[in-house]
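Down below is the structure, laid out as structure tokens.
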Amino acid sequence: MQTVEFETFISQNCINIPLNFSQLNNRKAKVFLQFPDLIENGNFNKITLINAFEKAKKGKVFENIESSILWQQEIRNEWE
């Protein structure tokens with residue numbers, strides 16, 4: 001078995017093989033994924049985020065919205 005190594009981005013659950021490995025097209029391969037921890041990549045603190053959601057629930061921010069769909073459409077219409 002042979003091994004090749006390259007870096008790429010996963011997009012919509014697909015891994016694009018670089019063109020210089022075109023000879024691998026339509027061949028069976030064993031794939032190993034190595035990537036940084038997802039939590040380390042985020043710029044948020046989980047506890048802070050949960051606390052913010054809890055505070056928003058208590059603040060009744062969306063209390064006056066009768067239809068969430070209509071509300072979202074109105075917001076989008078403001079962007080046009």
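For clarity, every value in this text was computed on a predicted model and none was experimentally measured.
Linking Ile, Leu, Val, Met, Phe, Trp and Tyr residues whenever their side-chain heavy atoms come within less than 4.5 Å leaves Leu49 and Ile47 in two separate clusters. Leu70 and Ile75 fall into different hydrophobic clusters, where Ile, Leu, Val, Met, Phe, Trp and Tyr side chains are chained together by heavy-atom contacts under 4.5 Å.
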(request) Could you check Leu33 against Val31 for side chain to side chain contact (heavy atoms under 4.5 Å, CB included), going step by step and ending with a plain yes or no? (result) CA-CA 6 Å; Leu33 299 176; Val31 178; 3.9 Å; yes
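A distance of 7.5 Å separates OG1 of Thr8 from CD1 of Ile15, quoted to the nearest 0.5 Å. Separation of atoms CD (Gln73) and OG (Ser67) is listed at 7.5 Å; rounding is to 0.5 Å. To the nearest 0.5 Å, the span separating CD on Gln2 from CD on Gln23 amounts to 8.5 Å. A distance of 9.0 Å separates CD in Gln34 from CD in Glu7, rounded to the nearest 0.5 Å. Interatomic distance, CZ of Phe21 versus CG of Asn16, reported as 13.5 Å (0.5 Å rounding). Atom-to-atom distance recorded for Thr3:OG1 and Phe32:CZ is 8.0 Å, nearest 0.5 angstrom.
Residue pairs meeting the side chain to side chain donor-acceptor pair (under 3.5 Å) criterion with at least one partner in residues 49-59, sequence neighbours excluded, are Glu54-Lys57.
Closest of all the heavy-atom pairs between Ile17 and Phe6 is CD1-CZ, 3.6 Å.
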